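Let me begin by presenting the structure, written as C-alpha cells, before commenting on it.
None of the values given here were measured: they were computed from a predicted structure. Residue numbers run from 1 in the order of the sequence given.
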Amino acid sequence: MGKKEQINDHKDKERVQAVLQLLKKQGPLTLKQEKFCNSGCVERFLKVKGENVKKAAKQLRNCLAWRDSLGTDHLIADEFSAELAEGAAYVSGHDDESRPVVIFRIKQDYQKFHSQKLFTRLLVFTLEVAIQTMAKSVEQFVVLFDASFFRSASAFMNILLASLKIIADYYPGRLHKAFVIDPPSLFSYLWKGVKTFVDLAPLTMVVSSLDFEESLEFNDFTAYPRAASLRFNPSSIPSSGKIGSCSSSRFSFTVSHHFDSVKPWYLSLTDTSSAKVGPTTTQVLGPAISPLNARSYSFASPIARSPRGNNMKGFFPSTPLPQKTQELEQSEILRHPRAMRPSFFQSPAMFFKKDNNNCHISRADKCRESFQPFLKFYRRPYDEMIYRSKMRPPLGGLISIVSPHIRRRHMSVSQRF
C-alpha cells in the first residue's frame, strides 16, 4: 500500500511539472504568477480537468490572464468602503472544518448604480480575503447568497450565475458548498431550467430561513398547573366538592355512580372551579350544553369497557370511580386487559412503514441538514471592524496598516520646536 501511494505521489508531481513547463513555453511567468502557480493550485486545476495536463495548462493560463486584466494584485479595501460599511460582502467566520464562510447580501438596486466590472471586483476581493484567512490544510470555502433583498428572480439569477461562473473558471476546486437563501418565488422555476448548464449546480442548494424559525411549542407545563385530572388521588388534592366531579375553566363534568347508566357523565358550562387557569371569558360561543343535548363520549377504548377472556363480568364505566379504601387480596386484584394491536383495517400505514435508516430522504431535507451548521453565520450580526481585522496587506489597505490609535495630526517642523 505504501508503494502505491509513493507511485501516485510521483505521478502527481510529474503532472504538476508538465503543466508548469507548458505554461513557461508560452511565455515567462512573473514572480507573483509563480507564487500563485504552486503545487496545490496546479493540482486543483488538474483535478477539475480530469488529470489532463493540456486542458489544465490552458485553463491556468486563462486564469493568469484574467487576473492580470482585472488587477487582482492591486485590490484594496479602500475601493469598497461603501460595500464594507453596509456589509454587502464579507467573511462571517469559519466552520468546524476551518473553512471560511462568505456571505453576499447584495441588494437589487446595486446593479443600477454599479457596473458589472465593479461587482466582479467586489466578488474577487471577498474571495481573496477568504483565501487569506485559510489555514494551510484548508483549500475550500462556503458561500451564502442572501436573496431576501431581491424582488426580481431574473435579476438575482444574473448575479448568481456570474458569481458561480467566476468561481468555477478561476477558482476551481475552491467551493465546498453554496446556499441560496430566501430567493424570490419564481427563482425555483428558473433554476430548474438553468442548473443543467451550470458547472457548480450540484454544490448549490436553495434553502429558506423560515424552515429554521423557532417553533412556538410550550413544553413546560409547570407554569400552567391543571385544575383537575381524570385520574386523580382524592387524598392529595384538597377539594370541598363531592368525590366524583371534575371541573376546569372551560367545562365541568359529573360522574354517575350507577353501573347501568347510559350517560356515565355529562357536560355543563357552569364554572365550579375555585382556581382558574388561563384566560376566561363570560361570553359563551356556540349552543349551550346541557344534560339533554350532551353526547356521551368515552375517554376509554371499547376494549377497556368490554373485557375479554377473563371471569370479570359487568360494565366498566368510562371514567374511573373513586378509589376503594378496602384492600383486595392478591387474587382479587383487577387487571385491565391490554389494548388490542392495530389491525390492517385500522391503520394500513403500519404495514408499509419503513425503517428510518432505509427511508428515502428528500432533497429539501438534505438541504436543511446541510445548511444547519451555517445558520449561525447567516444570523450573526455584521461588524465591519472584525471583518477588516481579517484582511492582510495589501488587501486591507491603509486602514488595516495604520491603527486608529496611532493616527495623529500632522505637525510641521516649526510646531515641533
Side-chain angles (χ1 to χ4, degrees), residues 41 44-45 47-50 55-56 58-60 62-67 69-70 72 75 80 83 88-92 95 99-108 110-111 114-131 134 138-150 152-184 186-209 363-364 366-367 370-371 374 377-378:
C41 176
R44 286 192 298 270
F45 278 86
K47 186 177 180 180
V48 172
K49 292 302 180 180
K55 292 182 179 180
K58 182 179 179 181
Q59 186 179 4
L60 185 55
N62 295 335
C63 179
L64 294 176
W66 174 80
R67 292 176 65 88
S69 63
L70 191 63
T72 56
L75 292 174
F80 313 101
E83 288 80 358
Y90 62 97
V91 179
S92 179
D95 62 354
R99 289 184 291 257
V101 181
V102 183
I103 298 180
F104 289 97
R105 286 196 168 99
I106 306 296
K107 297 182 180 180
Q108 185 172 346
Y110 185 82
Q111 291 181 320
H114 302 82
S115 61
Q116 184 67 23
K117 184 178 180 180
L118 184 60
F119 168 73
T120 303
R121 292 178 65 85
L122 175 62
L123 172 67
V124 174
F125 171 80
T126 310
L127 296 180
E128 291 293 331
V129 174
I131 293 173
M134 289 182 181
V138 180
E139 294 184 352
Q140 293 180 327
F141 50 74
V142 181
V143 181
L144 308 181
F145 294 97
D146 188 2
S148 59
F149 297 97
F150 280 81
S152 174
S154 59
F156 177 73
M157 181 65 70
N158 295 334
I159 289 182
L160 178 63
L161 294 181
S163 304
L164 294 179
K165 182 173 177 56
I166 291 174
I167 296 174
D169 294 343
Y170 309 117
Y171 295 92
R174 288 290 193 182
L175 181 63
H176 175 66
K177 287 180 182 179
F179 297 94
V180 179
I181 308 169
D182 297 336
L186 297 178
F187 174 80
S188 58
Y189 301 99
L190 298 178
W191 179 246
K192 287 182 180 179
V194 174
K195 67 180 182 180
T196 55
F197 306 99
V198 181
D199 296 336
L200 298 179
L203 301 177
T204 306
M205 302 179 182
V206 181
V207 295
S208 175
S209 61
R363 180 174 176 81
K366 291 182 179 179
C367 295
S370 302
F371 183 67
F374 308 103
F377 300 101
Y378 174 72

Closest heavy-atom contact between [X] and [Y]?
X      : Y      : result
Gln116 : Ala162 : NE2-CB, 3.7 Å
Thr126 : Leu122 : OG1-O, 2.8 Å
Leu200 : Leu175 : CD1-CD2, 3.6 Å
Ser163 : Ile159 : OG-O, 2.8 Å
Ala147 : Pro184 : O-CD, 4.2 Å

For side-chain contact (heavy atoms from CB on, under 4.5 Å), just list the numbers for Lys58 and Lys49, CA-CA rounded to whole Å, side-chain angles, deciding distance to a tenth of an Å, and then say yes or no. CA-CA 10 Å; Lys58 182 179 179 181; Lys49 292 302 180 180; over 6 Å; no
Do [X] and [Y] come within less than 4.5 Å of each other through their side chains, counting heavy atoms only?
X      : Y      : answer
Val142 : Val102 : no
Leu75  : Arg121 : yes
Arg67  : Tyr170 : no
Met157 : Phe187 : yes
Pro183 : Val206 : yes
Phe45  : Cys63  : yes
Ile106 : Phe156 : no
Leu160 : Val180 : yes

Determine whether Val198 and Thr204 satisfy the following criterion, side-chain contact (heavy atoms from CB on, under 4.5 Å), listing intermediate values before the conclusion. CA-CA 10 Å; Val198 181; Thr204 306; 5.8 Å; no
Basic-acidic side-chain contact under 4.0 Å: Lys107, Glu83: no
Are there over 12 heavy-atom neighbours, none belonging to Lys55, within less than 6.0 Å of that residue's NZ? no
Can you tell me how far [atom2] of [Y] sits from [atom1] of [X], rounded to the nearest 0.5 angstrom?
X      : Y      : atom1 : atom2 : answer
Ile166 : Leu127 : CD1   : CG    : 8.5 Å
Leu190 : Leu161 : CG    : CG    : 9.5 Å
Arg174 : Gln140 : CZ    : CD    : 9.0 Å
Lys177 : Cys367 : NZ    : SG    : 9.0 Å
Phe150 : Gln108 : CZ    : CD    : 6.0 Å
Leu64  : Cys41  : CG    : SG    : 7.5 Å

When the ring planes of [X] and [Y] are compared, do they come out parallel, tilted or perpendicular, using 30° and 60° as the limits?
X      : Y      : result
His114 : Tyr110 : parallel
Phe125 : Phe80  : tilted
Phe179 : Phe374 : tilted

Check the pair Phe104 / Tyr90 against side-chain contact (heavy atoms from CB on, under 4.5 Å), numbers first and verdict last. CA-CA 7 Å; Phe104 289 97; Tyr90 62 97; over 6 Å; no
Are any side-chain N or O atoms of [X] and backbone N or O atoms of [Y], one a donor and one an acceptor, separated by less than 3.5 Å?
X      : Y      : value
Gln59  : Asp169 : yes
Asp199 : Ala168 : no
Ser208 : Asp182 : no

Any donor-acceptor pair under 3.5 Å linking the side-chain atoms of Tyr171 with those of Glu128? yes
Intermediate values then yes/no, side-chain contact (heavy atoms from CB on, under 4.5 Å), Leu203 and His176: CA-CA 7 Å; Leu203 301 177; His176 175 66; over 6 Å; no
